[in-house]
Every structure is written in C-alpha cells, then in structure tokens.
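Order of the sequence lines fixes the chain letters, A, B, ..., with proteins taken first and strands second; residue numbering starts at 1 for each chain.
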2 protein chains.
Amino acid sequence: MGEKSVNLKALAAHLDLTVSTVSRALNDYSDISPATRERVKLAADQLGYRPNQNARRLSIGTPETVCYLMPRQIGPNAQPFVAQLLAGLGEALNERNWDLLVSQADASVGDLASIERLVRSGRIAGLVISRPLKNDPRVNLMQSLGCPFVVHGRTEKCDDYAWYDVDGEDAFVTAINHLARLGHRRIGFIGAPLQYQFAQERLDGYIRGLTHNGLAHETELVQIAEFTDEGGTAAAGILMDLLQPPTALVCVTDMMALGALEALHARKLTPGKDVSVIGYDGLHFGKHANPPLTTMAQPQAHAGRRLGDILLSIIDGADPTKFHELQRAHLVQRSTDGPVSSNAGQANVSEREDSP
Amino acid sequence: MGEKSVNLKALAAHLDLTVSTVSRALNDYSDISPATRERVKLAADQLGYRPNQNARRLSIGTPETVCYLMPRQIGPNAQPFVAQLLAGLGEALNERNWDLLVSQADASVGDLASIERLVRSGRIAGLVISRPLKNDPRVNLMQSLGCPFVVHGRTEKCDDYAWYDVDGEDAFVTAINHLARLGHRRIGFIGAPLQYQFAQERLDGYIRGLTHNGLAHETELVQIAEFTDEGGTAAAGILMDLLQPPTALVCVTDMMALGALEALHARKLTPGKDVSVIGYDGLHFGKHANPPLTTMAQPQAHAGRRLGDILLSIIDGADPTKFHELQRAHLVQRSTDGPVSSNAGQANVSEREDSP
DNA sequence: ACCGTATCCGAAACCGGTTTCGGAGCGCAA
DNA sequence: TTGCGCTCCGAAACCGGTTTCGGATACGGT
C-alpha cells in the first residue's frame with residue numbers, strides 16, 4: 001500500500017550506483033559490464049521496478065500509443081465488430097508494449113478539432129480511422145498534420161495513404177451474379193447514404209453486376225436509408241410496394257437485411273422463397289435470423305490485427321502508399337436466397353387481395 | 001509539416017516572457033495580470049499551442065487516463081455491448097479531457113502480471129473490470145495495489161469495492177414468475193460455468209423463483225455450457241432429450257437462448273408454443289430471431305457512463321464502498337414465451353417417432 | 001617506467017511541462 | 001525620505017526517465 005512505487009532513483013540508491021548506470025544496464029547498453037548488468041536486473045526484478053511510462057515517453061520522444069477513432073453512430077444497434085477489431089489491434093500493439101487509446105470525437109468540439117488536439121498534444125503516434133466518407137476531411141487533416149494513420153475502408157481518392165478494406169464492389173457483383181443465376185431479373189438495392197464511401201462502392205457493384213448480367217438499372221429499385229434495421233424495413237417496404245416489386249433484395253449491411261426481412265414478413269412474403277435477400281457483413285447473428293440470412297461475409301477476424309501491423313510499419317517509417325490491402329468477401333449461403341418464384345411479382349399482390 | 005509543434009518554450013520566446021509566466025497565465029493563476037493573461041492566451045490560440053500531455057502528466061503526477069479491461073472471450077460471437085460501454089465511458093472521461101485506454105491482458109504474461117505492470121508503470125489512474133469471477137483475483141490485486149477501480153458486475157463478496165451491476169438474481173425470479181403464471185412447472189436452466197459470478201447469481205434466481213412458486217428444483221434440469229450459441233444448442237439438446245423434458249427454458253445469455261432455439265427447431269418444436277424460451281441481455285438482435293426472442297433486458301445504455309462517473313469519483317478520493325449500484329432488468333416480451341402446451345412433453349416424442 | 005587503449009561508470013544535460021520561492025517595481029502612509 | 005505592503009513576473013527546482021560526454025581505472029605493449 002503505502003510504499004511509493006520504486007523509481008529509478010530508489011533502485012540506484014539501493015544498488016549504490018547512479019541512475020544513468022542503472023538505466024543503461026536495464027536497456028542493455030554495451031558499455032555496462034555483464035556483472036553489474038545482471039546485478040541490476042536482478043534487483044529490479046526483486047524490487048518490482050516498473051519504469052514510469054510518462055517519464056519514459058517524454059524522454060524517448062514518442063508516446064508509444066496509437067488511437068482508434070470510434071465510429072460515431074453507436075445507437076442501440078451497436079457495432080458488434082468493434083470489440084473484435086479492438087482485440088486485433090491490441091494484439092498487434094501488445095507485442096511492442098504499446099498502448100491502445102480509443103476516442104470518440106467530442107461532440108461539443110467537433111471531429112476535426114478533437115483529432116487535431118489529440119495529435120498536437122503528443123499523446124499518440126498514429127491513428128486508425130473507421131468507415132470514411134467519400135471525401136473524408138479527417139484524412140486530409142491527418143495528412144496535413146503529418147501524423148501516421150491507416151484507414152479501415154477507403155475514400156474516393158485513396159492513392160496517397162494506407163488503408164485496409166474489403167472489396168464491397170466485387171462483393172455486390174458476386175451477389176448479383178448469384179441472384180441472376182437463380183433467375184432473378186428485378187433486384188432491389190437497399191443502401192446507405194452515399195456520402196459513405198462503402199455505400200457508394202456497393203452501389204457501384206450492384207450496377208456493374210446488373211449490366212454484367214444484361215439487366216437494366218432502374219432507379220426506382222434503389223432505395224437509400226439509414227443503416228439500421230428500421231432503415232432496412234422502410235426501404236424494403238417502399239420497394240415491395242412498387243407496381244412491379246423486385247424478386248430479390250441486396251442490402252449494404254446485415255442489419256438492414258434483417259430489417260428488410262421484417263418488411264417481407266409484414267407482407268406475408270417468405271424470404272428465400274417469394275423474395276430473396278442477401279446481406280453484407282457476415283454477422284454471426286445472421287445464422288439465427290428468420291430465416292437464416294444469406295450474406296456476403298467479410299473476414300473480420302484479421303482486420304484489427306492487420307490495421308495494427310500496418311500502422312506500426314508506417315510509424316517505423318515505411319511508405320504509407322505501399323499499404324493498400326483489399327480483401328474479398330465471400331458468399332455465405334444460408335436460407336434467404338433461392339430461385340425466383342414462379343408467381344414472381346404476384347405473390348404479394350394476391351396475398352394482399354385476400355387480406356381485408 | 002516540418003514545423004516542430006510549438007511548445008511552451010517557443011511560445012514564451014515569442015511573447016518575450018518566461019515559460020513559468022506563460023504556464024501560469026494559461027492555467028489562470030491569480031498572480032498574473034489580466035492583461036498579460038489575455039495576451040498569452042491569444043498568442044497560444046494563434047500559434048495553436050497544445051501542451052504536451054506526457055510532460056504535463058509527468059509533472060502533474062497523474063496519468064489522467066483510465067483503462068477498460070476487455071473481457072477475454074472475443075470469439076466470433078463478439079460482445080456487442082463493448083462498443084456501447086466504451087462510448088459511455090468515453091463520454092464521462094471526455095468531460096475532463098481524460099483518456100481511455102483499452103487493454104486485454106496479454107496472454108503470454110497472464111492477466112494478473114499484465115495488470116500489475118499496467119498500474120505500476122504509472123500509465124493509468126483507474127481501471128474498469130468486466131465480468132468478474134465468483135472470486136476474482138483481479139479485484140484482490142487491485143486492492144493490494146491501492147489503485148482505484150470499479151467492477152462491472154460483482155464478485156461473491158462485494159462489500160469493500162465499487163461496482164455497478166444488474167440484478168441477475170432478481171431478473172431470473174421475474175422470469176420464473178412469468179413462466180409459472182403461464183402454467184409451466186418444469187423449467188430448464190441453461191447456464192454458464194459457475195466460476196462466473198453472474199452465472200451463479202442467475203442460477204440462484206432460478207432456484208429462488210422455483211421455490212417461490214412451489215416448484216421442485218431438479219438437478220437434471222440445470223445444464224451448464226459455454227456461453228455461446230453452440231453452448232446453448234448443446235445444453236438445450238440435453239434438456240429436451242430428457243425422459244421428462246422441460247416445457248420452458250431460461251438462459252443466462254441471449255446468445256445461448258438463440259442457440260437453444262436451434263435445438264428446438266431441430267426437434268421440430270416451436271418456441272413459444274411447444275416450449276417457451278427466455279433469454280437475458282436484451283440484445284437488439286433478438287428482435288429478428290426466429291421467432292423474436294423474449295428476454296430479460298438490462299439497461300445497457302448507461303452502464304459505461306455510470307462506470308466512468310463512479311471511477312472518477314473514486315479517483316477524486318471518494319469512498320469506493322459507497323458505490324454499489326444495482327439496476328433491475330425488465331421482461332421484454334416478444335414471441336418465445338407462451339402458455340404451457342396441452343400436449344406438453346409429448347410433442348417431441350411423437351415427432352421423433354415418425355422420423356426415420 | 002611510460003604511454004596508449006579499452007573497459008566501465010559517474011556527471012550532467014535534456015524531454016516539456018508545473019510549482020515554489022524570492023525579488024523587482026510601484027504606490028502610499030508616516 | 002524611509003519603510004511597508006502589494007502586484008506581477010523571473011529563476012530554479014522538480015517530475016522520472018534517457019543519452020551524451022568525459023574521466024578514472026586497469027591492462028597491454030615497448
């Protein structure tokens with residue numbers, strides 16, 4: 001309890017040496033005799049000496065800390081993968097005994113201002129940015145500050161900084177191909193606001209997938225909403241109430257897809273039979289949806305780990321533009337995809353006719 | 001870019017003052033004339049001066065940082081609420097410009113050793129511990145280290161430290177009462193390893209609920225497994241394959257409950273009709289389960305915020321034993337609870353007779 | 001005996017802030 | 001004019017480490 005934690009001075013006094021000698025002994029300087037080096041290390045162990053990191057880092061000149069910027073929207077539909085990502089990041093940092101700071105931009109100050117304060121205050125050596133906008137001012141800021149950073153995702157122009165991403169465009173092409181093979185020719189797109197780059201990418205993939213399969217791109221089949229389950233329900237509702245409703249829906253997130261399933265249930269349509277639905281994310285939870293959700297799964301496991309490794313490399317002086325890692329998502333077939341139903345486009349109409 | 005970030009010395013030189021004067025001016029010391037105080041602050045603003053936090057904290061003597069210890073098990077079934085909790089914690093800390101560190105005990109070193117290193121190295125002023133064991137060595141360690149901490153959850157003996165928890169025992173009494181009112185008399189319990197205090201509490205609540213309703217506590221109706229969906233499936237399988245299977249299941253987590261639903265589906269039993277299922281957590285996801293999961297919901301939203309406030313109070317010198325916050329969970333009725341079915345206990349037997 | 005060269009350690013500056021202490025300059029009363 | 005007190009700022013120590021520089025000792029060779 002009462003014992004002040006032993007610092008270098010105390011340790012030196014205990015050993016009848018000076019602090020400089022002790023410090024160099026602990027740091028394996030060559031100009032310290034092996035004998036005293038061992039003596040110092042032994043005493044340090046026994047007394048439980050732990051260098052004060054604030055002092056150390058001040059002296060060293062690096063904070064030995066990186067920061068993860070939490071995505072804003074943490075509503076009731078929390079981001080399940082934040083925990084996994086942090087775990088991976090922490091793993092990479094632990095190997096160097098670096099620290100992981102998490103920060104959400106202080107709402108009262110504004111994103112940019114609080115980032116600027118963070119790096120200018122010398123607390124962090126690098127930053128991880130999540131879910132960037134199409135043209136994200138945060139990356140510009142980081143570049144002008146000259147502070148190492150890596151982006152989880154991409155912006156529109158992404159040549160001149162490091163990022164790790166999953167190819168959403170490719171994933172949606174794959175999804176559309178799959179649906180086209182099943183006979184679908186009217187496929188609805190449930191998207192998120194296009195200011196998010198990931199939303200734009202996936203829409204691009206949707207369109208490319210359509211043309212690749214010789215299908216027309218009708219703007220009425222594209223619905224944008226907030227990426228929550230409620231947003232998905234609303235968007236799917238609009239699509240299914242069209243005069244010629246789609247026979248399949250692709251959604252930019254699993255959460256939206258789950259919401260879409262609700263909209264189908266409300267219209268007495270069976271997902272995977274009357275209407276196919278494909279989500280995106282590969283959330284573990286989708287397995288328990290009603291029915292189990294077919295989705296484009298991204299390899300979440302290593303994202304955090306890779307982001308950490310990349311960021312550390314850049315801090316070590318590597319060229320950021322060398323790090324452009326694009327992973328591929330793969331189709332996880334569960335139960336919401338199926339061949340186009342014979343009475344396609346009529347199912348809901350007939351159903352709705354007998355209901356009062 | 002190239003500009004070294006302005007430090008106190010540079011600012012002082014720019015103003016033709018000494019660093020001590022500038023420092024005191026910025027910190028509103030009374031022995032600085034209002035005139036120079038304003039002059040200093042203005043210049044600081046214009047030059048974008050940000051005090052180096054490492055230096056500041058070394059001098060101040062406090063790291064102005066608290067740490068959240070991530071729960072170990074971050075498998076594919078990630079902890080969805082970690083993000084929410086961190087958001088709340090961060091909010092509380094932001095108001096003071098304190099930092100939030102997250103750390104997962106380094107596996108290679110061991111939980112206790114890495115905690116000990118963390119606090120002895122002067123990096124943190126306080127710690128948040130999650131999901132404690134019945135007798136958790138981490139709280140003992142923190143106590144002997146004399147480092148402020150708060151526990152999210154409780155241990156068996158929890159008088160002499162601060163905690164924030166949801167009353168799991170009460171919640172399970174409530175759940176059993178609800179099921180008893182619906183006519184259930186054989187209720188199975190799907191639990192987690194009893195080394196976790198939360199698992200023990202909820203089992204206690206289960207038992208107390210049974211006796212309170214005049215029901216017998218049969219040990220064969222209690223199944224312990226890992227708290228994953230697979231664990232829930234396995235446990236539910238064992239219970240439903242008993243000679244006299246239960247007509248209702250209570251599960252210590254929503255994830256296990258979801259797994260239990262799978263086991264029911266595999267036996268052609270309809271949750272909420274043939275067998276009732278009640279989970280615990282109130283995960284948003286449960287709404288989209290098949291069928292929507294009835295659950296005991298805990299007020300997750302404020303947990304992080306409260307934990308942060310409590311921890312800061314203790315760091316400020318408040319008596320930790322004053323902080324024992326017990327929240328209540330409430331029943332969220334969705335579709336997996338219902339009256340006991342007339343052919344209770346027979347449904348699966350008959351079903352299984354016609355298969356193969 | 002003398003010089004040169006390693007080997008090993010102590011002295012001191014430094015990182016960038018905070019805080020205590022003392023003293024210069026001023027006004028005012030005796 | 002001397003003395004007292006008040007306002008305002010500079011000098012310097014300190015937080016706890018790291019790192020450069022120089023010097024003392026021992027050792028080898030001639």
Side-chain angles (χ1 to χ4, degrees), chain A residues 3-41 43-44 47-65 97 99 117 119-125, chain B residues 3-41 43-44 47-65 97 99 117 119-125:
Chain A
E3 353 172 359
K4 305 295 296 177
S5 68
V6 296
N7 53 12
L8 206 53
K9 198 189 305 184
L11 181 57
H14 174 83
L15 284 167
D16 249 322
L17 290 172
T18 61
V19 290
S20 69
T21 303
V22 175
S23 172
R24 280 174 313 180
L26 291 175
N27 291 330
D28 289 322
Y29 273 57
S30 62
D31 64 347
I32 300 291
S33 75
T36 61
R37 184 182 324 171
E38 290 315 311
R39 195 165 70 96
V40 168
K41 287 192 174 178
L47 273 69
Y49 165 74
R50 308 286 174 204
N52 180 309
Q53 294 295 347
N54 277 319
R56 173 158 195 281
R57 290 166 180 175
L58 169 60
S59 183
I60 287 291
T62 165
E64 290 186 333
T65 300
N97 287 316
D99 286 336
R117 275 208 332 214
V119 327
R120 301 287 295 263
S121 71
R123 274 177 292 187
I124 62 171
Chain B
E3 351 172 1
K4 304 296 296 176
S5 68
V6 297
N7 53 11
L8 206 52
K9 198 189 305 184
L11 182 55
H14 176 82
L15 284 167
D16 249 320
L17 290 173
T18 61
V19 290
S20 69
T21 302
V22 175
S23 172
R24 282 174 313 182
L26 292 174
N27 291 331
D28 289 323
Y29 273 55
S30 63
D31 65 344
I32 300 291
S33 75
T36 61
R37 183 180 324 170
E38 290 315 312
R39 193 165 72 96
V40 168
K41 288 192 176 181
L47 274 69
Y49 166 73
R50 306 289 174 202
N52 180 309
Q53 295 295 346
N54 278 318
R56 172 159 196 281
R57 288 165 180 174
L58 169 60
S59 182
I60 286 290
T62 165
E64 291 186 332
T65 300
N97 287 317
D99 285 337
R117 274 209 330 215
V119 328
R120 301 287 295 264
S121 71
R123 272 176 293 185
I124 62 170

Euclidean distance, atom CG of residue B/N7 to atom P of C/dT18 [Å, nearest integer]: 12 Å

Spacing between A/Y29 atom OH and D/dT20 atom P, to the nearest angstrom: 6 Å

Touch class at under 4.0 angstrom, heavy-atom based, for B/N54 against every strand present: nothing

Under-4.0 Å side-chain N/O to phosphate OP1/OP2 contact, B/T18 with D/dG10: yes

Separation of atom CG in A/L15 from atom C1' in C/dC8, rounded to whole Å: 16 Å

Distance test, side-chain N/O of B/T21 to OP1/OP2 of D/dG10, below 4.0 Å: yes

A/L58, nearest nucleotide to its side chain (from C/dT18, D/dC9, D/dG16): D/dG16

Closest non-hydrogen atom pair between B/D31 and B/R24, with its separation: OD2-NH1, 3.4 Å

Sugar-phosphate only, base, or nothing, as touched by B/S23 at under 4.0 Å among non-hydrogen atoms: base

Closest to the B/A55 side chain, choosing from C/dC15, D/dC9, C/dG17: C/dG17

Side chain A/N52 and base D/dC15 donor-acceptor under 3.5 Å: no

Given D/dG16, C/dC9, C/dG17, the nucleotide with the shortest approach to the side chain of A/S33: C/dC9

Spacing of B/L17 atom CG relative to D/dG10 atom C1', expressed in whole Å: 10 Å

Protein-nucleotide distance (B/D31, atom CG; C/dG22, atom P), rounded to Å: 15 Å

Residue B/S20, side-chain heavy atoms: nucleotide from C/dC9, D/dG10, C/dG17 that is nearest: D/dG10

Short side-chain donor-acceptor distance under 3.5 Å, A/N97 and B/R117: yes

Nearest-Å distance for atom pair CG/P, residues A/L8 and D/dC15: 13 Å

Salt-bridge criterion met for A/R57 and A/D99 (N-O under 4.0 Å): yes

Integer-rounded Å distance: D/dT7 P and B/R24 CZ: 15 Å

Protein-nucleotide distance (A/E64, atom CD; D/dT18, atom P), rounded to Å: 10 Å

Salt-bridge contact B/K41-B/D28 (side-chain N to carboxylate O under 4.0 Å): yes

Check: B/S33/B/T36 side-chain N/O donor and acceptor closer than 3.5 Å: yes

Side-chain N or O of B/R57 closer than 4.0 Å to phosphate OP1/OP2 of C/dG17: no

